[in-house]
Each structure stands twice: as structure tokens, then as C-alpha cells.
Amino acid sequence: MDSDDCDRPFGYDAFKRECMSHTVLEMLASKWLYLVVSALRAGRRRHSELQRKIEGVTPKMLTQTLRGLERDGLVRREVFPVIPPRVEYELTDLGRNLADLLVQIRVWSERHAPDIREARAAVANRQ
């Protein structure tokens with residue numbers, strides 16, 4: 001990180017491509033991350049439960065998303081030594097902190113979906 005980044009509140013500048021905070025914003029832009037974290041907000045879940053909850057996610061995409069969340073410290077993966085193996089996922093403290101923020105985004109999107117639909121229709125009618 002360059003010394004000129006230090007004038008930012010936390011020493012990072014998301015507008016700089018090489019900055020770690022820029023990478024974090026890229027990660028947060030994933031709809032699958034949003035949906036998985038939101039689904040785990042209710043508590044521990046197995047892969048199959050998450051797949052049933054999140055319409056449209058493929059098993060491969062769900063696995064990739066969960067691995068990324070685990071790598072970034074947002075999700076904890078626990079493997080139980082039974083046959084067949086049972087794996088459960090839960091949010092870490094950092095993940096729960098993010099989930100609280102995501103609830104606000106979901107509420108905003110649900111509240112303003114009609115406004116956005118109306119704006120889209122108005123633009124389509126002008127074309």
C-alpha cells in the first residue's frame with residue numbers, strides 16, 4: 001500500500017485497483033455471496049439446504065462461493081466424522097457483521113423494486 005493511501009480513514013483506498021479494499025468490494029459484488037451469507041444468517045446449514053434455499057445456484061457455484069467465504073473468514077466449515085460425511089456451514093462473527101449490512105440492502109431492494117420497475121418501463125417506452 002502506498003503512503004498516500006494512509007489519508008483514508010482505515011488506511012485503504014477502494015478507488016485504487018491494487019488496494020485490498022478494492023478486492024473486497026469486488027467480492028461483495030457477487031449476488032451468490034449475498035444470497036449465501038443471507039441464507040446462513042438464520043443459522044448453520046448443509047450444502048444441500050443452501051442449494052434448495054437459493055434458487056438458480058449450481059452446485060459448482062455454491063461450492064466456489066462457500067470456499068471463497070471460508071477463505072475470507074466469513075464462513076466456518078465443519079466436517080463431522082460420520083458416514084457419509086456431514087458438512088455444515090455457519091457465519092463467523094465477521095460474516096454475521098456483513099449479514100446485518102446485507103439485510104439493509106435486501107430491505108431497500110424490496111422497498112424500491114416497484115420504483116425501479118417503473119423507471120425501466122418509462123425508459124423502454126421512450127425508445
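These numbers were taken from a predicted model, which means no experiment stands behind them.
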Contact check, side chains of [X] and [Y], non-hydrogen atoms, under 4.5 Å:
X: Arg106; Y: Val103; value: yes
X: Leu91; Y: Val75; value: yes
X: Lys53; Y: Leu50; value: no
X: Leu94; Y: Leu98; value: no
X: Leu35; Y: Val57; value: no
X: Arg41; Y: Val37; value: no

Should the heavy atoms of other residues, nucleotides or ligands under 6.0 Å from [atom1] of [X] be counted, would the total exceed 12?
X: Arg44; atom1: CZ; result: yes
X: Glu78; atom1: CD; result: yes
X: Glu90; atom1: CD; result: yes

Interatomic spacing from [atom1] in [X] to [atom2] in [Y] - rounded to 0.5 Å:
X: Leu33; Y: Thr65; atom1: CG; atom2: OG1; result: 7.0 Å
X: Tyr89; Y: Glu49; atom1: OH; atom2: CD; result: 11.5 Å
X: Leu66; Y: Met61; atom1: CG; atom2: CE; result: 11.5 Å
X: Ile54; Y: Arg45; atom1: CD1; atom2: CZ; result: 8.0 Å

Is there a path of hydrophobic side-chain contacts, each under 4.5 Å between heavy atoms of I/L/V/M/F/W/Y residues, joining Leu69 to Val79? yes

Same cluster or not: Leu28 versus Trp108, using hydrophobic residues (I, L, V, M, F, W, Y) connected whenever any side-chain heavy atoms lie under 4.5 Å apart?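 No, separate clusters.
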
To check you understand the geometry: which heavy-atom pair defines the closest contact between Asp72 and Met27, and what is its length?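 Taking every non-hydrogen atom into account, OD2-SD, 2.7 Å.
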
Between Ala14 and His22 the two heavy atoms that sit nearest each other are O-ND1, 2.8 Å

Keeping the roles fixed (side chain from Tyr34, backbone from Leu102), state whether a donor-acceptor pair exists under 3.5 Å.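 Yes, the answer is positive, given that a donor and an acceptor are paired below the 3.5 Å cut-off.
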
Tell me if a side-chain donor or acceptor on Asn125 pairs with a main-chain N or O of Ala121 at a distance below 3.5 Å.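 Side chain of Asn125 to backbone of Ala121, a donor-acceptor pair under 3.5 Å: yes, one is there.
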
Do the side chains of Glu88 and Arg86 get close enough for a salt bridge, i.e. N-O under 4.0 angstrom? yes

Could you walk me through whether His47 and Val87 pass the side chain to side chain contact (heavy atoms under 4.5 Å, CB included) test, one step at a time? CA-CA 7 Å; His47 191 280; Val87 179; over 6 Å; no

